[in-house]
Amino acid sequence: MTTPATYTRRFFARDSLTVARALVGGVLVHETRAGVSAGLIVEVEAYRGPSDRAAHSYGGRRTARNEVMYGAAGHSYVYFIYGIHYCINVVTGAVDVPEAVLIRALEPVDGLALMRRRRGLGKEAPAHLLCRGPGNVCRAMGIQGRDNGADLLCGALRIERGRRVPEARIVRAARIGVDYAGDHAALPWRLYDGASRSVSRAAGAGGRGSGLG
DNA sequence: TGTCCGATTGGT
DNA sequence: CCAATCGGACAG
């Protein structure tokens, strides 16, 4: 095997919508004592900083929780939500520009058995259900609060270059669970691969078509 | 310290 | 549609 290609700091240091688009097709990898797990990124959401009402950094809000959003791009922003789930973001933009990309779904490519175990699912569980939705991504990948701030350019938790997804397959829609953001809730800043069955339920999977022809 | 609420999920 | 479940944000 050859060494997998990685992204550069500069790649992540762009605006979050641009990075979000470029990350579809990337690969999230996590090496732990339990083993390696990895998945193709098929669904993301861009959170665009202080002007974005849906962002944790809206209005320049800066707390212990979202502090890493203000740091260098390419690091993880992991937070705990609803008393149950973790969500992982990739910090983007320049230092002091608090933007991020939320990883909402992966298409599993490695460590499927480990993912099933972490999810508490049987061996028959379909691959496309393992990392469907941001909470499930973290559960299946073994990502927790201690992974907040990790440098995703290298290390146990990282993002590698994967496949190039054609623009024609990219679906852009409103972000999920941000109704509190008023007008901003409708902006098309959720991007996903319309050809993937691994996208979250909210994105159109689990029933009818995905919106792609 | 007290209260409110969430970038979710899974089942009804 | 709704409950689960608890850390974070903020008012006092």
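Below, read A as the first sequence line, B as the second, and so on, with proteins coming before strands; counting in each chain starts at 1.
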Open item on the list: Any residue in residues 47-57 of chain A with a heavy atom nearer than 4.0 angstrom to DNA chain B? Just list them by number, or reply none.
Closed with: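 Result for residues 47-57 of chain A: A:Tyr47, A:Ala54, A:His56, sorted by number.
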Task: Contacting residues from residues 135-148 of chain A, given that a heavy atom lies under 4.0 angstrom of DNA chain B - done: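 Of all residues in residues 135-148 of chain A, the ones placing a heavy atom under 4.0 Å from DNA chain B are A:Gly135, A:Asn136.
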Task: By side-chain hydrogen bond (donor to acceptor under 3.5 Å, both in side chains) - contacts of A:Ser51 (at least two apart) - done: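 Expected list: none.
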Task: 5' to 3' contact window, DNA chain B with chain A (heavy-atom distance under 4.0 Å) - done: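 Both ends considered, the range comes out as B:dG6 to B:dG10.
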Task: Minimal non-hydrogen separation, A:Arg118 against A:Ala34, with atom names - done: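 In this case the closest contact between A:Arg118 and A:Ala34 is NH2-CB, 4.4 Å.
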Identify every side-chain donor-acceptor pair in residues 120-130 of chain A under 3.5 Å, counting partners at least two apart or on other chains, and give the distances.
none

Polar atom pairs (N or O), protein with nucleotides 5-8 of chain C, under 3.5 Å:
residue	atom	partner	partner atom	Å
C:dT5	O2	A:Tyr82	O	2.4
C:dG8	O3'	A:Arg65	NE	3.4

Residues in salt bridge (charged side-chain N to carboxylate O under 4.0 Å, His left out) contact with [X], at least two apart in sequence or another chain:
| X | result |
| --- | --- |
| A:Arg158 | A:Glu31, A:Glu160 |
| A:Asp179 | none |
| A:Glu99 | none |
| A:Asp151 | A:Arg9 |

TODO: Classify the nucleic acid contact of A:Arg62 as base, sugar-phosphate or nothing, counting any heavy atom under 4.0 Å across all strands shown.
DONE: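 Touches nothing.
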Task: Touch class at under 4.0 angstrom, heavy-atom based, for A:Ile176 against every strand present - done: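 The residue A:Ile176 makes sugar-phosphate contact but no base contact.
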Task: Watson-Crick and G-U pairing of DNA chain C, under 3.5 Å, as dot-bracket with | and [ ] - done: ||||.||||||.
Open item on the list: Quick check with a 6.0 Å cut-off and a 45 degree axis cone: is A:Arg172 positioned over the face of A:Trp189's six-membered ring?
Closed with: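 No, A:Arg172 and A:Trp189 do not form such a contact.
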TODO: State whether A:Tyr86 and A:Arg139 meet the cation-pi test: NZ (Lys) or CZ (Arg) under 6.0 Å from the six-membered ring centroid, and within 45° of the perpendicular axis.
DONE: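 The answer is no; the distance or angle limit is not met.
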Task: Interatomic distance at P, C:dT5 relative to B:dG2, whole Å - done: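 Those two atoms are separated by 22 Å.
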Open item on the list: Please determine whether residues A:Ile176 and A:Val137 belong to a single hydrophobic cluster, defined as Ile, Leu, Val, Met, Phe, Trp and Tyr linked transitively by side-chain heavy-atom distances below 4.5 Å.
Closed with: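 A:Ile176 does not cluster with A:Val137.
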TODO: May I have all residue pairs that pass ring pair (Phe, Tyr, Trp, His ring centres under 6.0 Å) and include part of residues 28-58 of chain A, sequence neighbours excluded?
DONE: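 Sorted pair list: A:His56-A:Tyr77, A:His56-A:Tyr79.
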- [ ] Using whole Å, report how far OH of A:Tyr79 lies from C1' of C:dA9.
- [x]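 Atom OH in A:Tyr79 sits about 15 Å away from atom C1' in C:dA9.
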